[in-house]
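Following: one structure in C-alpha cells, then a few remarks.
In this text, all values refer to a predicted model and were calculated from it rather than measured experimentally. Start at 1 and go down the list; that is how both ligands and their atoms are numbered.
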Amino acid sequence: MKIAVFASHGGSDLQAIIDGCREKKIDGEVVVVISNNGGSLALKRAEKAGIDRFHLSAETEGSADALAERQLAVLEEYGTEMVFLAGYMKLLDPRILERYENRIFNIHPALLPKYGGKGMYDMHVHEAVLAAGEKETGVTIHRVSPKYDSGEIIAQTKVPVLPGDTPESLRERVLAREHEFLVEIISKIAEGKY
Ligand code: GRF
C-alpha cells in the first residue's frame with residue numbers, strides 16, 4: 001500500500017509509520033510526505049529516511065485553490081493509495097476528500113467524539129481531559145470527512161489518566177500509545193480490514 005503522510009510539526013507519528021513499514025509490520029511504504037510547515041521536524045524526518053517530501057501551503061502555492069491542485073498532483077504522481085494525517089493542522093480540500101474517499105485517515109489524541117472539533121488539538125485536548133477530571137483518555141483513528149475530527153471512527157484504544165498527571169505527562173503517555181496503535185491499525189488497513 002502506497003501511503004502519503006501529511007504532518008505539520010514533530011512528526012513522531014510519521015516516524016512510527018515509517019518504522020512500521022521498514023520493520024515490515026505494515027505491508028506498505030510511505031511514498032511521500034507533505035507538510036504545510038517548511039521548518040517542521042516532520043520534513044526533516046522524511047529527509048533522513050530518504051522519502052520524497054514537499055512543503056506546500058497556500059502561501060507557497062499562491063492560493064488555497066492552487067494548493068489543492070498541487071497536493072492532488074503530488075498524491076497522484078506518487079500513486080497514493082492511502083492518505084494518513086499524522087498531526088496535520090489544516091483541513092483538506094473537498095477535491096482531495098472526494099478523490100481519496102474512504103482512504104484518508106486521521107489520528108486524534110482522545111476518545112472521540114469527546115474532546116474533538118475545531119481548536120481541540122495537541123495540548124488543548126489533554127488540558128481539557130484533565131480539567132474534566134476524566135479517569136481515562138485514549139487515541140482515535142477515524143476516516144476524514146469535511147469537518148474537523150468527524151468521520152467514521154474505525155479504532156480506539158484507552159490510555160489511563162494517572163493521579164498527578166500534567167498536560168505534558170498525559171501527552172507523552174498518549175503519544176507513546178499512538179505510535180504502537182498506528183502500526184497496528186495501519187497494518188489492518190493495508191490488509192483491507194478497514
Ligand atoms: C498527535 O498527538 C496526533 O494525535 C495529533 O497530533 C500529534 C502529532 O504528534 N493529531 P507528532 O507531530 O507526530 O509528534
Side-chain angles (χ1 to χ4, degrees), residues 3-23 25-26 28 30 32-49 51 53-57 82-92 96-97 104-130 134 136-161 165-186 189 194:
I3 307 167
V5 178
F6 283 69
S8 296
H9 295 296
S12 71
D13 281 347
L14 162 68
Q15 191 69 55
I17 301 170
I18 293 172
D19 295 346
C21 291
R22 299 222 159 140
E23 290 162 14
K25 291 175 184 160
I26 297 171
V30 178
V32 66
V33 173
I34 297 176
S35 183
N36 59 308
N37 176 1
S40 63
L41 191 51
L43 286 179
K44 294 209 176 69
R45 289 180 191 269
E47 181 180 11
K48 194 157 176 234
I51 296 169
R53 62 221 165 263
F54 295 83
H55 168 213
L56 303 179
S57 68
M82 190 262 245
V83 176
F84 204 92
L85 307 184
Y88 188 62
M89 297 299 158
K90 300 280 181 186
L91 275 183
L92 289 182
I96 298 176
L97 299 179
I104 308 183
F105 300 87
N106 181 53
I107 185 162
H108 186 79
L111 295 172
L112 291 175
K114 281 173 139 187
Y115 308 107
K118 199 161 165 49
M120 270 296 172
Y121 61 90
D122 201 35
M123 226 41 129
H124 301 293
V125 174
H126 307 301
E127 282 163 3
V129 167
L130 288 178
E134 298 282 4
E136 60 185 15
T137 181
V139 179
T140 302
I141 295 178
H142 65 94
R143 292 189 205 277
V144 176
S145 78
K147 260 178 79 194
Y148 276 110
D149 298 328
S150 54
E152 183 199 355
I153 290 171
I154 63 161
Q156 289 187 308
T157 183
K158 290 178 179 169
V159 174
V161 176
D165 258 338
T166 60
E168 291 75 16
S169 65
L170 189 56
R171 179 182 193 273
E172 197 179 315
R173 190 175 314 116
V174 170
L175 200 52
R177 183 68 189 118
E178 284 182 44
H179 298 156
E180 306 162 344
F181 198 53
L182 271 172
V183 173
E184 201 182 302
I185 301 304
I186 294 178
I189 295 171
Y194 296 112

Between A86 and ligand 1, does any nitrogen or oxygen pair lie at a separation below 3.5 Å? no
Side chain or backbone, does G11 bring an N or O within less than 3.5 Å of an N or O on ligand 1? yes
The one among I107, L14, L85 that brings a heavy atom closest to atom 10 (N) of ligand 1: I107
Near G10, which atoms of ligand 1 are under 4.0 Å from a heavy atom of that residue? 12 (O), 14 (O)
Just by modelled atom types, is the G11 backbone N or O under 3.5 Å from a matching donor or acceptor in the R45 side chain? yes
To the nearest 0.1 Å, how far is atom 9 (O) of ligand 1 from its closest protein heavy atom, and which atom is that? L175 CD1, 3.9 Å
Does one side chain, of N36 or S8, offer a donor that lies under 3.5 Å from an acceptor on the other? yes
Looking only at distance, does S12 have an N or O less than 3.5 Å from an N or O of ligand 1? yes
Using distance alone, determine whether D13 and ligand 1 share an N or O pair under 3.5 Å. yes
Atom CD of E172: over 12 foreign heavy atoms under 6.0 Å: no
Check for a donor-acceptor pair, side chain of T140 on one end and backbone N or O of Q156 on the other, with a separation under 3.5 Å. no
Report the part of E178 in contact with ligand 1, treating N, CA, C, O as backbone and CB onward as side chain, heavy atoms under 4.0 Å; options are side chain, backbone, both, neither. side chain
Within the distance-only criterion (no hydrogens, no angle test), does the side chain of R173 pair as donor or acceptor with the backbone N or O of D165 below 3.5 angstrom? no
F181, CZ atom: more than 12 neighbouring heavy atoms under 6.0 Å: yes
What residue and heavy atom of the protein are closest to atom 6 (O) of ligand 1, and at what distance? G87 CA, 3.4 Å
Proximal atoms of ligand 1 relative to P109 (non-hydrogen, under 4.0 Å): 2 (O), 4 (O)
Tell me whether ligand 1 is touched by A7 - counting only heavy atoms on the residue side and a distance under 4.0 Å. no
Under 3.5 Å, is there a donor on one side chain and an acceptor on the other for D13 and H179? yes
Report yes or no: does H9 contribute a side-chain atom to a donor-acceptor pair with the main-chain N or O of M89 at less than 3.5 Å? no
